[in-house]
Amino acid sequence: MKKGNTQLAQELDTAIQTIAQVQPSLQETLFERYFRNARYTFSITEEQQEYLQTMGKIKVLCVDNDAPYVYLKSGKPAGVLVSVLDGFAEETGLEVEYTFCETKEEAESKLKEQHYDLMMGLPFTSRYCVKIGFVRSKSVVDSTLAYLHNSSSDSHDTVAVENGMEGYVDSSDFENVITCSNAKECVEAVNKGEAAYAVGDRSALEYYIYDTYSNLLTSNITGAILSVLTAILVVAISVSLHAKKWGRKTKSFRSQLWRRASSSPECPTTSARL
């Protein structure tokens with residue numbers, strides 16, 4: 001295009017705007033296809049592949065109701081972490097065996113009964129991993145810590161906190177603290193009026209807001225970043241290396257959750273502020 005050809009420049013701008021309206025993800029798609037950074041590519045060595053074949057299967061212990069990361073959907077494993085692990089297994093030829101339980105205490109009991117390679121569905125602090133004999137993986141997805149409250153209530157006396165997240169929360173402003181097994185129970189506590197506030201992973205809280213169609217609100221806790229990860233007992237190869245390949249894909253996770261929530265006429269748009 002010659003310098004000063006404003007008519008052509010205007011036509012190009014109009015065309016770009018039209019494409020953006022019709023296919024808003026085109027630029028991201030083109031970047032992924034032609035310019036994707038090689039560091040997101042997953043590969044293993046022959047030696048690692050040989051070792052993986054000796055494993056046969058990866059046994060994974062999951063604590064249910066940690067959506068959107070790991071949960072049972074129609075009786076089958078689902079969630080972001082399940083998708084990452086299934087992708088890892090498909091590329092390496094491994095089999096994944098998922099075992100689900102309801103609570104942290106039940107999971108600890110199962111660990112005493114038999115061997116598991118991975119754990120998912122809990123806040124895995126370094127101290128807790130030392131206690132159960134596991135190590136933390138690298139972060140698979142970064143999320144934020146958030147408050148959940150009922151806009152129709154002025155009470156500030158009780159806060160519900162997920163078991164294992166007590167260290168992330170400043171509860172000094174509340175008279176009482178309720179410890180819940182998971183984010184779903186935290187949402188239910190606020191919804192039933194048992195707690196004025198809840199604190200937890202924002203994506204999990206918003207998932208269950210939609211799931212129960214409750215008219216609750218979330219607000220970010222500034223500067224509070226959570227790393228969603230797995231706990232590993234036997235490290236044949238870090239699953240989180242494979243998760244890096246998903247890094248760019250997880251950026252669109254919140255928008256997908258928002259589209260899912262806003263597609264339901266029963267779900268108030270104020271319940272998910274992404």
| query | Does Thr99 reach the side chain of Cys62, with side-chain heavy atoms less than 4.5 Å apart? | reply | no

| Minimum-distance pair of heavy atoms, taken over all atoms of Arg136 and Cys129 | CG-SG, 3.5 Å

| field | Sequence neighbours excluded, every pair satisfying salt bridge (charged side-chain N to carboxylate O under 4.0 Å, His left out) that has a member inside residues 120-133 | value | Glu108-Lys131

| said: Using every non-hydrogen atom in the two residues, find where Asn182 and Glu102 come nearest and quote the distance to one decimal. | reply: ND2-O, 4.3 Å

| Plane angle bin for Tyr197 and Tyr147 - parallel if under 30°, tilted between 30 and 60°, otherwise perpendicular | perpendicular

| task | Using the six-membered ring of Tyr71, assess whether NZ or CZ of Lys184 lies under 6.0 Å from its centre and within 45 degrees of the ring axis. | result | no

| message | Just so I know, are the side chains of Val70 and Tyr98 near enough to count as touching, which here means a heavy-atom distance under 4.5 Å? | response | no

| said: So, using ring-ring contact (aromatic ring centres under 6.0 Å, His included) as the criterion, who are the partners of Phe100 when residues are at least two apart? | reply: none

| Side-chain donor/acceptor of Tyr208 to backbone N/O of Asn65, under 3.5 Å | yes

| request: Examine distances only and state if a side-chain atom of Asp117 and a backbone atom of Lys59 form a donor-acceptor pair shorter than 3.5 Å. | output: yes

| message | Tell me the closest heavy-atom pair linking Tyr116 and Val60, and the distance in Å. | response | CD2-C, 4.0 Å

| said: Could you check whether Asp201 and Tyr207, counting side-chain N and O atoms only, form a donor-acceptor pair closer than 3.5 Å? | reply: no

| note | Taking every heavy atom of Thr103 against every heavy atom of Glu106, the minimum-distance pair comes out as OG1-N, 3.1 Å

| request: Indicate the atoms forming the closest heavy-atom contact of Ala204 with Ala183, along with that distance. | output: CB-CB, 3.7 Å

| So, do Tyr128 and Pro123 sit near enough that their side-chain heavy atoms are less than 4.5 Å apart? | no

| message | When you compare the side chain of Gln114 with that of Lys110, does any pair of heavy atoms fall below 4.5 Å? | response | no

| field | Closest contact, heavy atoms only, Glu194 versus Thr158 | value | O-CG2, 3.8 Å

| query | So do the side chains of Asp66 and Met120 get within less than 4.5 Å of each other, counting heavy atoms only? | reply | no

